[in-house]
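Below you'll find the structure, written out as structure tokens, and then a few comments.
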Protein chains: 2
Amino acid sequence: MLDLAAVTAAQARIAGRVHRTPLMSSTMLGERAGVTLHLKCENFQKTGSFKSRGALNKLSRLDDAARSRGVVTVSAGNHAQALAWAARSAGLACTVVMPKTASPAKIGASRGYGAEVVLHGTTGLEAFAHAHELERERQLTFVHPFDDELIAAGQGTSGLELMEDAPDTDVVIVPIGGGGLIAGVAVAVKGLNPRARVYGVQPEGAAAMRRSLDAGHPVQLDSVNTIADGLAAPMAGAMTYDIVRRFVDDVVVISDDTIAEGLRELLVYTKLLAEPAGAAGVAALMSGAIPVKRGERVVCVVSGGNVDLTKLATLLGQDRAKPLGTS
Amino acid sequence: MLDLAAVTAAQARIAGRVHRTPLMSSTMLGERAGVTLHLKCENFQKTGSFKSRGALNKLSRLDDAARSRGVVTVSAGNHAQALAWAARSAGLACTVVMPKTASPAKIGASRGYGAEVVLHGTTGLEAFAHAHELERERQLTFVHPFDDELIAAGQGTSGLELMEDAPDTDVVIVPIGGGGLIAGVAVAVKGLNPRARVYGVQPEGAAAMRRSLDAGHPVQLDSVNTIADGLAAPMAGAMTYDIVRRFVDDVVVISDDTIAEGLRELLVYTKLLAEPAGAAGVAALMSGAIPVKRGERVVCVVSGGNVDLTKLATLLGQDRAKPLGTS
């Protein structure tokens, strides 16, 4: 069961093996948004995103037989890198299936951590199917990128830390792909302070969780299309959907242009490199998509920082005339 | 006199008004350089560079008559922003002379902090001369960007902090423009641990301190040409030259290409945005220009992070095939 105790147990299990990432402030962006703003810097986490937390927690609970056979997963990138890194540190074999469209930096990084990377298909769904084939053929343990209670409990340790560092937080804003991060964070934050609000953010082109909430059940998308490859999940998880439905105050949807502007504002005003997924929370806040009250204490989870420099150069070249939230 | 006591006094004077910037680690870059690497993140400092430290320290020592008349300075950017910011917080009028070639972001930021910005000439020397004219005409107090003991003592508080956080540091690497930062840092570091080594870094196109050491006296350059506008000082200071000569182990010179690669590696491996000046220390280390021994504990001062996104996009687009320090 995914609850505060599960997240606390994960925290004890992975302590000292991942970074306790800093909670940084941004006076400039906070003043413009009318709030006190802190950033939970998961872009500084091992392997460049929060995903290392869940991967380590999951692997630490495998039995010896499963450990000896190894693990397989599917990921556009950050979960792949994180599982590869965690598997190497735990001495396990790791196979990663990625769509052929995955970011070259993330493919290279997964191989760099010693994983076997299998490029298959052009969509997340095709890659998912192939990973399950390898699971059966090679008797590997499939490690789901988000719809797994141990994975989500690991990601939730980020929420525990931010509440330890800023216990009077009013609002936490979290990017959503498949929902593993927000599921763990929401359970942790609400477990510690039921009055704190938790909002999720999805890109227009990959809003599976928003669509699922609207439909009343988890849905699959026919296609995804967003610059935020870290959020390009083709579906909401069954478990993560249930947790989001129960614990998350709302899920908002923003455009890729807004996400790109959030990335640029993080660079200019905080000197932090976020990948588009990692900038989505700040982008949503700065664009006015999140219902915050003046003076509230807001934490945005900057979920990752893995972005190809060529892609980054393109995003910087599309600078808008006016920053978000000004007129 | 610029000594450890002066830096300690500055620290007490500016405490709570500037950030105590974090000392971050980079396992990836450190392993490649064969050292334990920490980064002193002055890019997170108020106004985006270490310059706020010295400016606050200087202004806090002005008498009432000088305060009522206001201050004038000359700067390609970071000192201008910092003095404007410090003057506003102290309730003083501030005039800044910048060459017409200054970065638009830095001009805009200085105006944003309430300074009167006077664009004059195309070189630092022309701007210097004009600032001294305004000093006389308007009876303003000239605040030198680097060749001033109170300014340098303020910058040195960064060195005090890094030694407090990592007392067993073997090597500190500091970018040099006019020498204010390294003068203060060297006095602080050597004052706390005389066996620690301090190295300075200059770009090929603005190596006034290196040329001064070679000549045996402070020299002026006929022209400067570097992507690191934060290091484009046309001269070494008399005071800073004397301190560097006595306290700094060596000053190395690196190319603009190496600096740009250092900036890119900081983005990719640490998720930190440094301006070219701020990346120079890491660039020098990674390119092998600094004589470090295997396993030494090294701190690079990432001196600032103020860079136009259009300039940044250009620097990202010039990606090299191989990272620094690999073959």
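Each chain gets a letter, A, B and so on, in the order the sequences are listed, and its residues count up from 1. Everything quoted here is computed from the prediction, not taken from an experiment. Side chains included, hydrogens not; waters and symmetry mates left out as well; all remaining heavy atoms used.
Counting heavy-atom pairs under 4.5 Å between each of A:L266, A:V307, A:N306 and chain B puts A:N306 at the top.
Taking 4.5 Å as the limit, every side-chain heavy atom of B:L316 sits out of range of all side-chain heavy atoms of A:T310. Contact of the B:T270 side chain with the A:L273 side chain is not registered, since no non-hydrogen atoms from C-beta on lie closer than 4.5 Å. Side-chain contact between B:L272 and A:K271: absent, with no pair of heavy atoms (C-beta onward) separated by less than 4.5 Å.
The side chain to side chain contact (heavy atoms under 4.5 Å, CB included) test with B:L312 is passed by exactly one of A:L312, A:L267, A:V268: A:L267.
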